[in-house]
There are 2 protein chains.
Amino acid sequence: MSTPSKIGSPKKISESTIHRLSLYYRALSLLEKENYDTVSSKQLAKIERLTPAQVRKDLSFFGSFGTRGLGYPVNELKQKIATILGIDRQWRVALIGIGNIGSALVSYKEFARQGFQIVKLFDNDQRKIGSNHKGIIVSDIKNLEQELSEASIEMVVLTTPPTVAQYLVDDIVNSGVKAILNFAPINLKVPEHIYLRNENMAMELEYLSFALTNNAPPRRQPSY
Amino acid sequence: MSTPSKIGSPKKISESTIHRLSLYYRALSLLEKENYDTVSSKQLAKIERLTPAQVRKDLSFFGSFGTRGLGYPVNELKQKIATILGIDRQWRVALIGIGNIGSALVSYKEFARQGFQIVKLFDNDQRKIGSNHKGIIVSDIKNLEQELSEASIEMVVLTTPPTVAQYLVDDIVNSGVKAILNFAPINLKVPEHIYLRNENMAMELEYLSFALTNNAPPRRQPSY
DNA sequence: AACTTTATGTGAAATGCTTCACAAATCGAG
DNA sequence: CTCGATTTGTGAAGCATTTCACATAAAGTT
Ligand SMILES: NC(=O)c1ccc[n+]([C@@H]2O[C@H](COP(=O)([O-])OP(=O)(O)OC[C@H]3O[C@@H](n4cnc5c(N)ncnc54)[C@H](O)[C@@H]3O)[C@@H](O)[C@H]2O)c1
Ligand SMILES: NC(=O)c1ccc[n+]([C@@H]2O[C@H](COP(=O)([O-])OP(=O)(O)OC[C@H]3O[C@@H](n4cnc5c(N)ncnc54)[C@H](O)[C@@H]3O)[C@@H](O)[C@H]2O)c1
């Protein structure tokens with residue numbers, strides 16, 4: 001029992017646990033749409049192909065949200081997880097590099113719905129600067145630092161070619177941005193206090209290639 | 001010493017190790033371009049922000065590729081890793097759902113360069129069927145199973161809306177495809193012998209949101 | 001109110017992964 | 001050819017994460 005102090009207290013929570021919270025959130029959104037009131041760790045585990053013990057343990061790091069004999073209240077748990085993940089608010093996001101991937105991300109409405117609001121676009125291509133994507137005008141990369149700062153951008157999504165990505169990091173960091181999601185296949189060097197995540201699609205294809213090539217053992221769910 | 005039997009023997013290799021092989025491959029490609037002949041585990045580790053011990057341990061699962069006192073031969077190690085990952089050959093890939101993300105992936109030349117050859121496109125939108133993307137004509141989803149099978153497709157990239165993704169799995173599986181990379185935010189149910197990986201961009205944004213919200217502890221490199 | 005059923009929350013055990021630390025091997029200098 | 005410097009390859013130790021298993025609690029039933 002004994003409720004851990006506060007939601008989001010700075011305990012040592014593993015990356016996998018956070019990723020699974022995203023999965024629980026997604027599953028709960030689904031259950032909510034289907035008008036479920038409560039859900040057991042067993043059901044929740046089944047939807048995302050995990051184990052009930054895993055679900056309970058993950059949630060227990062943040063508090064005690066269920067009712068013994070009954071399960072978890074769908075709507076309430078969803079809200080609690082939103083609070084833990086910090087997606088119960090809007091984040092101001094800028095996108096840098098409005099090419100193939102960048103354009104796809106701007107058009108994706110689900111991000112805004114989950115609290116990630118793309119409010120600034122940047123490129124260095126004269127043909128793109130000034131153009132309108134979903135109501136946002138593409139800014140010149142020359143003014144990156146100042147415009148990020150003026151727009152109070154908190155997160156940046158980087159979808160430029162890898163060759164220029166590192167070069168842009170200084171301006172991004174100086175502007176006060178604290179988190180970067182990087183799509184360029186390169187290991188960016190950023191100061192200690194900046195959160196960086198990489199999205200590497202080639203890596204997943206290569207994993208499949210490895211599995212097929214080596215008859216990788218009885219498939220388990222990806223480890224999150 | 002004692003060289004482990006064969007490259008790609010069915011040992012118990014962790015997911016993280018495979019992901020790191022992708023990173024080593026990328027680093028070695030870079031070093032090769034810069035005309036390095038050999039590289040130490042220390043240098044390699046530095047490029048991808050890992051530890052030398054980790055690099056050596058990972059490689060040791062597959063054989064013994066280095067020279068004590070010297071390091072690893074760049075070109076040779078790169079080739080060995082390509083063989084381990086199965087990217088020393090061409091994979092025949094089909095892409096299903098030629099929307100925002102799908103179009104971006106078709107245009108991406110690096111995939112082909114790494115052995116992933118997109119040779120078939122599918123959609124159910126009459127305006128898209130028959131249209132030409134980078135030299136490939138979009139096929140009607142109605143003929144999915146047959147065309148996948150006739151084209152000897154080995155992997156499928158799924159970029160349709162989540163609502164239809166599960167519905168397409170049967171045809172994909174029946175066609176003989178053995179691996180699926182899924183971009184739809186849904187947990188697909190596939191038979192035991194099919195390899196499935198999910199690409200979930202929202203998850204990474206949510207991780208950043210969590211980190212910012214909770215002042216997550218001294219950032220470590222994502223765990224692979 | 002007692003009894004049965006169900007399902008949470010959590011220490012402890014089991015498993016898995018990373019780091020340590022050092023013997024073994026190679027290189028280059030003298 | 002020997003010695004000192006370097007760096008691999010790898011058991012074993014150290015951590016981290018997952019799973020187990022059960023006491024605990026709530027709800028429904030008789
Ligand atoms: N397209 C894909 O499917 C795919 C897949 C995996 C990884 N990636 C990676 O994602 C990134 C983007 O890929 P893409 O296909 O969208 O490329 P792209 O060339 O279509 O887009 C890159 C954009 O960045 C802009 N740009 C270039 N230099 C810039 C600078 N200094 N400042 C601001 N903007 C600049 C370009 O004008 C262009 O609009 C690349 O790093 C690529 O390796 C792409
Ligand atoms: N766009 C993004 O940035 C983004 C980000 C994260 C996740 N996703 C996910 O990726 C997937 C694709 O996103 P998108 O933005 O490209 O969507 P989109 O609507 O632009 O593209 C979907 C494509 O699938 C096609 N399609 C629909 N039903 C089909 C069917 N039965 N058979 C074949 N094709 C069919 C549509 O005609 C369309 O071309 C979605 O599941 C989305 O949730 C997208």
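Note on naming: letters A, B, ... go to the chains in the order of the sequence lines (proteins, then strands), and numbering restarts at 1 for each one.
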**Q.** Given dT18(D), dC22(D), dT19(C), the nucleotide with the shortest approach to the side chain of K57(B)
**A.** dT19(C)
Q. L50(A) has an atom CG; how far is it from atom P of dC20(D), in whole Å?
A. 14 Å
Q) Between the side-chain atoms of R68(B) and the base atoms of dT7(D), is any donor-acceptor pair under 3.5 Å? A) no
Q. So which nucleotide from dT26(C), dT19(C), dG9(C) ends up closest to the side chain of T67(B)?
A. dT26(C)
Q | Atom pair distance, as rounded to whole Å: CD in E15(B) and P in dG16(C) | A | 14 Å
Q) Taking atom P of dT7(D) as reference, at what distance in whole Å does atom CG of L77(B) sit? A) 16 Å
**Q.** For atom CG of D58(B) and atom C1' of dT18(C), their distance in whole Å
**A.** 10 Å
(Q) Check this one for me: any side-chain N or O of S16(A) less than 4.0 Å away from OP1 or OP2 of dT17(D)? (A) no
Q. Which nucleotide, dA16(D), dT18(D), dT8(D), lies nearest any side-chain atom of Y72(B)?
A. dT8(D)
Q) Can you name the closest pair of heavy atoms from E206(B) and I87(A) and give their distance? A) CG-CG2, 3.9 Å
Q) Taking all atoms of both residues into account, what is the closest heavy-atom pair of R56(A) and S41(A), and its distance? A) NH1-OG, 3.2 Å
Q. Whole-Å distance between dG16(C) C1' and R20(B) CZ?
A. 12 Å
Q. With sequence neighbours excluded, what pairs up with K57(A) under the salt bridge (Lys or Arg N to Asp or Glu O under 4.0 Å) test?
A. none
Q) 5'-most contact on DNA chain D: S14(A) or L70(A), nearest heavy atom basis? A) S14(A)
Q. Just by distance, do the side chain of S149(B) and the backbone of E145(B) share a donor-acceptor pair under 3.5 Å?
A. no
Q.
Ignoring hydrogens, what is the shortest heavy-atom contact between F122(B) and A94(B)? Give both atom names and the distance.
A. CE1-CB, 4.1 Å
Q) Rounded to whole angstrom units, what separation is found between the NZ atom of K12(B) and the P atom of dG16(C)? A) 6 Å
For residues 98-109 of chain A, dump all side-chain donor-acceptor pairs below 3.5 Å to protein atoms at least two apart in sequence or in another chain.
from    : atom 1 : to      : atom 2 : distance (Å)
S103(A) : OG     : G99(A)  : O      : 2.5
S107(A) : OG     : S103(A) : O      : 3.0

Q: May I have the distance from I13(B) (atom CD1) to dT18(C) (atom C1'), rounded to whole angstrom?
A: 15 Å
Q: Give the nucleotide from the list dC22(D), dC27(C), dG9(D) with an atom nearest to the side chain of R56(A).
A: dC22(D)
**Q.** Any residue of residues 31-46 of chain B with a heavy atom less than 4.0 Å from an atom of DNA chain D
**A.** S40(B), S41(B)
Q.
Which residue is it: V157(B), I96(B), N198(B), I172(B)? I am looking for the one with a side chain to side chain contact (heavy atoms under 4.5 Å, CB included) to I180(B).
A. I172(B)
(Q) With a 4.0 Å cutoff (strictly under), does any side-chain N or O of Q54(A) reach OP1 or OP2 of dT17(D)? (A) no
Q | Integer-rounded Å distance: dA16(D) P and F61(A) CZ | A | 12 Å
